[in-house]
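Each residue takes its place number in the sequence, starting with 1. Values reported hereafter were calculated over all heavy atoms of this structure, with side chains retained and with hydrogens, waters and symmetry mates removed.
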Amino acid sequence: MEADQATLSGAQATVLSTAVGLLLLLCSLRSVPLGERMVVVRRGRARLRGPGVVALLPFLDRGVRVPLGVRWYGVDRLEATTRDAVRVAVTAAATGTVQDPLRYATASNPDQAVEWVLESELRRRLAERDLAQLATAPLTGATELAAAVSARTAEWGVEIGDVQLGRVETRVDPSLVRWATSR
């Protein structure tokens with residue numbers, strides 16, 4: 001009777017270890033779609049994998065999904081001052097793509113960093129123009145703006161393809177009315 005219990009516990013141990021092994025195998029497999037890549041980080045070294053099925057070693061590998069399609073970066077409401085000291089609020093949008101998935105995956109929050117760079121470059125460009133220039137041709141220089149943002153975001157593996165200004169708003173106050181009548 002004791003021999004039967006010993007073999008039964010041996011059989012239970014085999015079933016349990018097989019179930020744990022299958023569970024670990026299933027947890028280690030990841031499916032990476034065509035429009036994404038997975039950066040696998042093991043002991044500080046990053047490798048690019050995908051598309052397809054990617055195997056990760058549990059507790060040793062860390063997988064970071066990187067989208068390769070077009071991404072939208074938006075500036076909802078940016079307060080800035082033009083060259084002629086008029087306060088304006090603008091909205092803008094930019095499209096970008098990930099050109100280097102390894103740099104993108106190892107960067108700390110690259111999407112938010114790209115939006116910060118977009119805001120700072122946009123604020124700098126607005127400070128170089130008068131209000132009248134914004135009213136007549138708000139989209140001039142968008143390719144130069146996109147190139148300037150791309151130059152700063154290249155370290156994160158992101159390239160900006162297009163930047164478009166949406167709305168340009170200003171408050172109508174007495175100093176603005178005096179400015180407009182003096183022209």
Dump the intermediate steps for side-chain contact (heavy atoms from CB on, under 4.5 Å) on D61 and R47, then the final yes or no.
CA-CA 10 Å; D61 289 342; R47 298 168 306 176; 4.3 Å; yes
Just how far is it from atom [atom1] of [X] to atom [atom2] of [Y], taken to the nearest 0.5 Å?
{"X": "S28", "Y": "L60", "atom1": "OG", "atom2": "CG", "answer": "11.5 Å"}
{"X": "R123", "Y": "L118", "atom1": "CZ", "atom2": "CG", "answer": "10.5 Å"}
{"X": "L131", "Y": "L126", "atom1": "CG", "atom2": "CG", "answer": "10.5 Å"}
{"X": "N109", "Y": "E115", "atom1": "CG", "atom2": "CD", "answer": "9.0 Å"}

Please answer whether the main-chain N or O of [Y] pairs with a side-chain N or O of [X] as donor and acceptor at a distance below 3.5 Å.
{"X": "T153", "Y": "V158", "answer": "yes"}
{"X": "R87", "Y": "E79", "answer": "no"}
{"X": "R62", "Y": "V41", "answer": "no"}
{"X": "R37", "Y": "L34", "answer": "yes"}
{"X": "T82", "Y": "V86", "answer": "yes"}

Using a strict threshold of under 4.0 Å (side-chain N to carboxylate O), is an ion pair present between E128 and R124?
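A salt bridge links R124 with E128.
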Is the closest basic N to carboxylate O distance between R125 and E144 below 4.0 Å?
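The answer is no: the pair does not qualify as a salt bridge.
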Give the table of side-chain donor-acceptor pairs shorter than 3.5 Å for residues 65-76, with sequence neighbours excluded, one pair per line with atom names and distance.
{"unit_1": "R65", "atom_1": "NH1", "unit_2": "S31", "atom_2": "O", "d": "3.0"}
{"unit_1": "R65", "atom_1": "NH1", "unit_2": "E36", "atom_2": "OE1", "d": "3.2"}
{"unit_1": "R65", "atom_1": "NH2", "unit_2": "S31", "atom_2": "O", "d": "3.0"}
{"unit_1": "R71", "atom_1": "NE", "unit_2": "D111", "atom_2": "OD1", "d": "3.4"}
{"unit_1": "R71", "atom_1": "NH2", "unit_2": "D111", "atom_2": "OD2", "d": "2.5"}
{"unit_1": "Y73", "atom_1": "OH", "unit_2": "D111", "atom_2": "OD1", "d": "3.2"}

So, Q99 versus T97: side-chain donor-acceptor pair below 3.5 Å or not?
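Yes.
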Can you tell me if Q133 and D130 form a side-chain donor-acceptor pair at under 3.5 Å?
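Not at all, the side chains of Q133 and D130 share no donor-acceptor pair under 3.5 Å.
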Would you say the side chain of R152 lies within less than 4.5 Å of the side chain of E121, judging by non-hydrogen atoms?
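Yes, at least one pair of side-chain atoms sits under 4.5 Å.
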Would a 4.5 Å heavy-atom cut-off, applied to side chains only, mark I160 and V114 as touching?
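Side-chain contact under 4.5 Å: yes.
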Should [X] and [Y] be regarded as members of a common hydrophobic cluster, given that ILVMFWY residues are connected when their side-chain heavy atoms come within less than 4.5 Å of each other, either directly or indirectly?
{"X": "V98", "Y": "V54", "result": "no"}
{"X": "L165", "Y": "L78", "result": "yes"}
{"X": "L122", "Y": "W116", "result": "no"}
{"X": "L102", "Y": "W156", "result": "yes"}

Should we say atom CZ of R167 is surrounded by more than 12 heavy atoms from elsewhere, each under 6.0 Å from it?
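Incorrect, the count does not exceed 12.
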Taking all non-hydrogen atoms of both residues, which atom of R77 and which atom of E169 are closest, and how far apart?
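Closest pair (atom of R77, atom of E169, distance): NH1-OE1, 2.9 Å.
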Which heavy atom of A105 sits nearest to which heavy atom of V64, and what is that distance?
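Nearest pair, atom of A105 first, then V64: CB-CG1, 3.9 Å.
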